[in-house]
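Each remark here refers to the structure printed beneath this line.
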Amino acid sequence: MSLYCENVSLNALAEEFGTPLYVYSQAALTAAYENYASAFDGLSPLLCYAVKANGNLSILRHFAGLGCGFDIVSGGELARVLAAGGRADQTIFSGVGKSRAEMMYALEAGIKCFNVESLPELGQLNAAAAECGIVAPVSLRINPDVDAQTHPYISTGLKANKFGIAMEDAEAAYYHAATLPHLRITGIDCHIGSQLTNLSPLVEACGRLLDLADRLAAQGIELEHIDLGGGVGIVYHDETVPDLSAYAQAVRHLLGNRALSLILEPGRSLVGNAGLLLTRVERVKRNGDKYFVVVDAAMNDLMRPALYQAYHHIDNTNPQPGNTFTADVVGPVCETGDFLAQNRRIAAQTGDLLVIRSAGAYAASMASNYNTRPRAAEVLVNGSEFRLIRPREQITEMLERELACL
Ligand code: LLP
């Protein structure tokens with residue numbers, strides 16, 4: 001079996017660029033974006049791609065070219081967006097820990113909105129804006145206290161989470177914001193979690209935000225937009241994921257004829273299944289009854305299995321019949337948690353090329369240098385063409401910024 005990304009052979013890419021290697025399909029990126037745009041047609045949403053899912057400059061440039069805005073959570077991500085040709089006035093800034101320097105940078109750049117997550121942050125943003133002589137556009141991130149029914153580490157909309165302003169404090173927070181001279185209230189936002197496989201928490205959160213928007217309007221605070229946060233989940237294994245048209249229909253219905261524009265911040269669902277990770281089998285080893293397929297990718301290249309017990313499908317590009325067994329697929333990192341799959345039926349032998357699926361989101365962007373492993377290269381495929389969009393990191397590059405002082 002020879003496997004392809006668009007018209008390009010994965011074996012050929014592995015030969016040319018080595019492994020581990022992230023491979024992305026440009027057509028799949030476009031299709032995922034257009035899926036959102038067409039499902040929400042008529043609502044003219046501003047889609048702000050969540051840069052944290054995959055911040056490669058070529059991917060950002062591609063989305064910018066499609067008319068996409070961006071959701072950032074750091075000054076570094078803003079620098080990426082600007083370097084990729086993204087528009088500051090279509091960029092929103094989320095996160096509980098924005099520093100003063102990051103606020104100033106985003107103010108000077110002229111971003112569309114700050115998604116503010118607490119009262120202290122409101123005061124600090126007002127002060128930063130005063131110093132810049134700018135009025136900061138502000139949305140308050142409300143924690144709607146709904147259970148997103150996802151992995152606890154990626155659930156964010158419960159009271160127990162660090163995110164957002166509690167619903168019971170929300171109105172007072174808006175009244176306070178309205179008194180701050182260097183802030184201009186423009187919106188309301190939430191983000192209840194990631195890899196959502198159920199639509200109802202998203203719809204419930206939308207309803208709660210709209211009720212609040214109505215109460216604010218009755219007090220003279222008219223909002224311009226509502227931002228419902230990240231996108232829907234994707235299929236990694238056998239999940240059923242929410243239908244975007246059904247989501248759009250529910251939002252359309254709830255919005256009714258309110259004069260609120262819509263913002264969404266999808267990350268995973270725009271890139272997750274547009275990418276894969278190629279890895280080579282170093283060897284198969286056996287400890288007693290247990291088999292291990294040792295590959296050259298590791299938890300530093302794909303953290304998700306170690307961190308969230310996440311499932312990623314794995315294909316062998318050249319499986320040999322009769323060679324199939326149940327094994328853990330593990331990397332070279334010296335941690336028991338360094339696995340890419342556990343108890344998986346797999347055919348593998350030394351030298352085989354494996355394809356780890358659904359690695360477009362939260363894979364390269366969460367990669368680290370743990371065990372002094374250089375970060376893998378990234379390739380973007382477009383039809384029969386492909387481009388190296390990040391060369392493999394060199395060990396010399398990793399060492400040159402450190403000082404052996406003593
Ligand atoms: N907006 C905000 C404020 C967020 O915090 C996130 C994700 C998103 C949008 C994008 O959500 P998405 O559309 O991707 O579901 N590393 C984890 C996922 C962490 C998500 C953090 N926030 C994983 O690999 O599953």
Side-chain angles (χ1 to χ4, degrees), residues 29 32-33 35-36 45-55 59 63 68-74 77 91-98 112-118 121 139-144 148-158 161-165 187-199 201-202 205 209 226-237 239 241-242 244 247 263-275 277 299-312 340 356-368:
L29 297 173
Y33 176 82
N35 216 1
Y36 269 92
L46 176 62
L47 296 175
C48 290
Y49 168 61
V51 173
K52 64 169 80 68
N54 188 325
I59 289 179
F63 282 134
C68 199
F70 297 95
D71 169 52
I72 56 162
V73 290
S74 69
E77 287 190 350
T91 297
I92 56 177
F93 194 170
S94 303
V96 291
K98 303 171 194 79
K112 178 175 173 64
C113 189
F114 289 84
N115 289 354
V116 171
E117 302 218 9
S118 64
E121 186 187 335
S139 163
L140 295 193
R141 176 169 174 176
I142 305 305
N143 186 329
Q149 297 156 27
T150 184
H151 189 282
Y153 288 6
I154 51 177
S155 180
T156 51
L158 283 171
N161 302 130
K162 71 177 173 181
F163 298 101
I165 296 172
I188 186 165
D189 65 283
C190 71
H191 171 72
I192 61 171
S194 196
Q195 183 53 14
L196 304 180
T197 51
N198 193 341
L199 206 52
L202 280 169
L209 257 55
I226 177 169
D227 169 356
L228 297 178
V232 296
I234 63 169
V235 176
Y236 285 97
H237 189 196
E239 306 87 340
V241 294
L244 278 183
Y247 183 24
I263 297 179
L264 300 172
E265 307 167 1
R268 188 191 313 268
S269 46
L270 292 185
V271 291
N273 275 330
L277 175 61
M299 66 189 289
N300 74 299
D301 305 299
L302 180 64
M303 277 271 275
R304 305 194 67 260
L307 204 51
Y308 320 112
Q309 298 78 45
Y311 177 97
H312 284 259
L340 301 168
I356 304 177
R357 301 286 177 184
S358 311
Y362 305 113
S365 64
M366 294 175 77
S368 79

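The figures that follow rest on heavy atoms only: side chains count, while hydrogens, waters and symmetry mates do not. Whatever order the structure lists ligands and atoms in, that order sets their numbers, starting from 1.
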On a heavy-atom basis, the closest approach of I59 and L29 is CG1-CD1, 4.2 Å
Shortest non-hydrogen contact from L209 toward P144:
CD1-CB, 4.5 Å
Can you sort out which atoms of ligand 1 are near G267, meaning under 4.0 Å from one of its heavy atoms?
12 (P), 13 (O), 14 (O)
Only counting residues at least two apart or in another chain, list the ones meeting ring pair (Phe, Tyr, Trp, His ring centres under 6.0 Å) with Y33.
none
Heavy-atom contacts with D71 under 4.0 Å: which atoms of ligand 1 show up? List them by number with element.
1 (N), 2 (C), 9 (C)
Ignoring angles and geometry beyond distance, decide whether A50 reaches within less than 3.5 Å of ligand 1 through its nitrogen or oxygen atoms.
no
Report yes if some heavy atom in the side chain of Y49 is under 4.5 Å from a heavy atom in the side chain of C68; otherwise report no.
yes
Report the part of R141 in contact with ligand 1, treating N, CA, C, O as backbone and CB onward as side chain, heavy atoms under 4.0 Å; options are side chain, backbone, both, neither.
side chain
Non-hydrogen atoms of M303 versus ligand 1: any pair closer than 4.0 Å?
no
Roughly how far, to the nearest 0.5 Å, is CD1 of I142 from CD1 of I192?
14.0 Å
Sequence neighbours left out, what passes side-chain contact (heavy atoms from CB on, under 4.5 Å) with M366? Give chain and number order.
M303, L307, Y308, Y362
Would you tell me which option among E117, Q195, H191 has the nearest heavy-atom contact to atom 7 (C) of ligand 1?
H191
For E265, the atoms of ligand 1 under 4.0 Å from one of its heavy atoms are 1 (N), 2 (C), 3 (C), 8 (C), 9 (C), 10 (C), 13 (O)
Any N or O of S94 closer than 3.5 Å to N or O of ligand 1:
no
The answer for which part of R304 has a heavy atom under 4.0 Å from ligand 1 is side chain
Does ligand 1 come near enough to M366 that some N or O of the ligand is less than 3.5 Å from an N or O of the residue?
no
Atoms of ligand 1, numbered as shown, that sit under 4.0 Å from any heavy atom of G230:
9 (C), 10 (C), 11 (O), 13 (O)
Below 4.0 angstrom from a heavy atom of R268, which ligand 1 atoms are there? Numbered from 1 as shown, please.
12 (P), 13 (O), 14 (O), 18 (C), 23 (C), 25 (O)
I need the atoms of ligand 1 closer than 4.0 Å to a non-hydrogen atom of S194, numbered in the order shown.
11 (O), 12 (P), 14 (O), 15 (O), 20 (C)
Lys/Arg-Asp/Glu bridge criterion (N-O < 4.0 Å) met for R141, D227
no
In the structure I gave you, are the side-chain heavy atoms of F93 and K98 within less than 4.5 Å of one another anywhere?
yes
In ligand 1, which numbered atoms sit nearer than 4.0 Å to a non-hydrogen atom of P266?
13 (O)
Below 4.0 Å from any atom of ligand 1, is there a heavy atom belonging to S269?
no
Carefully, step by step, assess S94 and H191 under the rule side-chain contact (heavy atoms from CB on, under 4.5 Å).
CA-CA 10 Å; S94 303; H191 171 72; over 6 Å; no
K52 with E77: basic N within carboxylate O range, under 4.0 Å:
no
